[in-house]
Amino acid sequence: MSTATPPSLPTSLTSPSKLSVPKEETYFVLALLVSIAAWLALALSIFGLLYALIFAFFLWIGNGLLCAYLRAEAVRVSEQQLPQLYATYLEVCAKLNLTTPPALYVLQSGGVLNAFAARHAGRSFVVVYSDFLDALGADSTEMKFILGHEIGHLRSRHILKQMLLAPGLITPLLGPAYRRSWETSCDRHGAYAAQDIEASTRAMLVLSGGKGHGRQLQAEAFASQHVDERGFFVSLHELSSTYPTLSRRVTDLLALKTGIPARRPARNPFAYLFATFVPGGNTGAPANALIFIVIIGLLAAMAIPAFQKVREASQLKVCLNNERMLSAAFDQALLENGKPPTTIAELVGPGKYVRQMPVCLNGGTYELPAGATSSDEIACTVHGTKEDIQHKFNAATGRH
Ligand SMILES: [Zn+2]
Ligand SMILES: [Zn+2]
């Protein structure tokens with residue numbers, strides 16, 4: 001590693017307590033309001049609450065398995081294991097006022113350059129992919145930036161917010177914008193930990209340009225892509241993405257040198273319109289997949305009761321038709337014989353009024369009360385008379 005460039009301490013990042021961008025606070029309040037409304041709506045419907053609990057349980061299991069995978073399969077970094085990286089990590093934790101450093105793991109992941117933070121049952125994890133470690137070096141300032149970024153996620157309780165604010169995070173425009181502000185805040189944590197803007201941008205350039213040539217790329221030239229590419233699709237990509245684009249992140253990092261926020265070039269206005277239909281939460285760290293499971297779970301929670309109602313209504317309809325058929329046979333027998341039949345069996349069978357006994361889908365059988373004088377008294381042992389079924393049908397379909 002070359003140490004020729006003197007570290008350039010950004011003037012705007014002088015205290016570890018003011019690293020999150022103010023925008024994050026604003027989005028937090030909005031996401032909180034959306035989430036409270038959504039959770040309340042869910043809690044007010046019995047099914048909603050039940051399914052929310054079931055899916056919270058599965059989410060917990062899934063997250064537990066992810067963290068178990070890390071603990072069992074990834075390499076736990078310590079004084080004995082990868083001591084250089086461990087020393088860098090402890091330095092970063094101390095710099096960011098973290099008294100008890102979370103467990104750090106290195107995970108082989110087939111060439112992917114990334115790192116992420118996770119949390120389960122009160123235990124926090126920071127994970128660096130092995131190729132990223134190889135690309136940046138265990139004691140590099142670039143690595144300090146990456147570790148600082150992940151510690152930023154844990155310090156800002158983003159993992160917890162991912163669960164509690166899930167409805168806000170899947171809200172189009174708001175969710176992705178909120179998560180982009182997380183990344184911007186965490187990049188500032190990283191830059192503060194690294195105390196070196198050049199090294200921080202180099203880490204970003206490796207993410208974008210790969211480990212071979214990433215380090216030699218020109219940060220300013222890459223940042224200019226953010227200004228040059230302002231078309232509809234780039235704007236839509238930005239608005240629906242949970243990460244700021246890498247060129248935007250480099251732009252923001254470079255701006256930290258002077259402390260003057262980077263100019264925000266306008267986006268294509270039509271992109272906002274289209275992004276309204278794109279729910280939040282696209283690709284990213286594995287933890288994002290969990291949010292996706294929650295979305296599917298919530299949709300299922302809404303769909304399953306509706307499906308059950310449709311099924312119940314169709315079963316009632318079948319039973320009602322059966323009773324109508326038996327009623328018609330009853331009336332015909334009454335007409336022909338001059339007296340009402342005394343059992344259903346008199347009506348059903350070969351050569352009788354109804355050839356075969358109709359089948360109730362819920363296993364009910366049809367009975368005629370002793371001394372019945374009207375076909376309206378025919379009843380299913382499960383569903384009751386025609387009138388009973390009509391009431392049940394109205395209740396199931398919401399008609400009154
Ligand atoms: Zn991040
Ligand atoms: Zn029935």
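As the structure lists them, so they are numbered: ligands from 1, and atoms in each ligand from 1.
Of all the N, O or S atoms in Glu183, the one closest to the Zn ion (ligand 1) is OE1. Summary: ND1 is the N/O/S atom of His383 found nearest to the Zn ion (ligand 2).
In this structure, Tyr178 and Trp182 have perpendicular ring planes: the angle between them is above 60°, well past the 30° mark.
The SG atom of Cys360, the Zn ion (ligand 2) and the SG atom of Cys380 define an angle of 110° (nearest 10 degrees).
One of the N, O or S atoms belonging to His149 lies under 2.8 Å away from the Zn ion (ligand 1). Residue Glu150: no N/O/S atom is found under 2.8 Å from the Zn ion (ligand 1). The Zn ion (ligand 1) has an N, O or S atom of His153 closer than 2.8 Å.
With 3.5 Å as the limit, one finds no donor-acceptor pair spanning the side chains of Asp187 and Thr184.
The number of heavy-atom neighbours closer than 6.0 Å to CZ of Phe232, taken from other residues, nucleotides and ligands shown, is above 12. Heavy-atom neighbours of Arg230 CZ from other residues, nucleotides or ligands within 6.0 Å: above the threshold of 12.
Arg215 places a side-chain N or O within 3.5 Å of a backbone atom of Ala135 that can act as its donor or acceptor partner.
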